[in-house]
Amino acid sequence: RSAHLEYAINQMDPASFGEAWDRATAWGRGNVSDPSVAEMPLLRAFWAIAVAFQRRGLPLGECPSGEGRDVFDLIGAER
């Protein structure tokens with residue numbers, strides 16, 4: 001855990017990132033009853049990103065894997 005969310009996310013290995021993404025999805029759907037104060041910024045950030053990706057065609061809760069469609073396609077950004 002870090003006081004700086006961007007640093008914490010950047011330090012996650014793929015497994016930790018996926019677990020955090022899944023927990024944020026569960027939290028966003030109201031299925032997490034015990035979020036800690038320390039994890040709330042990450043849950044809110046990942047949920048907001050998941051919703052934004054869902055609006056662009058990625059099923060809600062699916063973690064972008066880097067295979068198939070990439071994030072640039074999902075957000076409609078120039079490379």
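All residue numbers refer to positions in the sequence shown, counting from 1.
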Atom of [X], atom of [Y] and distance for their closest heavy-atom approach:
{"X": "A24", "Y": "W47", "result": "O-CE3, 3.6 Å"}
{"X": "A45", "Y": "L5", "result": "CB-CD2, 3.7 Å"}
{"X": "R29", "Y": "L60", "result": "NH2-O, 3.1 Å"}
{"X": "P35", "Y": "S33", "result": "CD-C, 3.4 Å"}

T25 and D22: side-chain donor and acceptor closer than 3.5 Å?
-> no
Do the side chains of R23 and L42 get nearer than 4.5 Å, heavy atoms only?
-> no
Are side-chain heavy atoms of E62 and L58 found at a separation under 4.5 Å?
-> yes
Taking atom CZ of R55 as the centre, does the number of heavy atoms from other residues, nucleotides or ligands within less than 6.0 Å exceed 12?
-> no
Evaluate the side-chain contact (heavy atoms from CB on, under 4.5 Å) criterion for residues M40 and W27: first the C-alpha distance (whole Å), next the side-chain angles of each, then the deciding distance (0.1 Å), finally the verdict.
-> CA-CA 10 Å; M40 285 305 299; W27 172 80; 3.3 Å; yes
From SG (C63) to CD1 (I49), nearest 0.5 Å | 10.0 Å
So, do F46 and F17 have ring centers that fall under 6.0 Å from each other?
-> yes
In the single-linkage hydrophobic clustering (I, L, V, M, F, W, Y; side-chain heavy atoms under 4.5 Å), do L43 and M12 co-cluster?
-> no
Sub-3.5 Å donor-acceptor pair from the side chain of Q11 to the main-chain atoms of A8, do we have one?
-> no
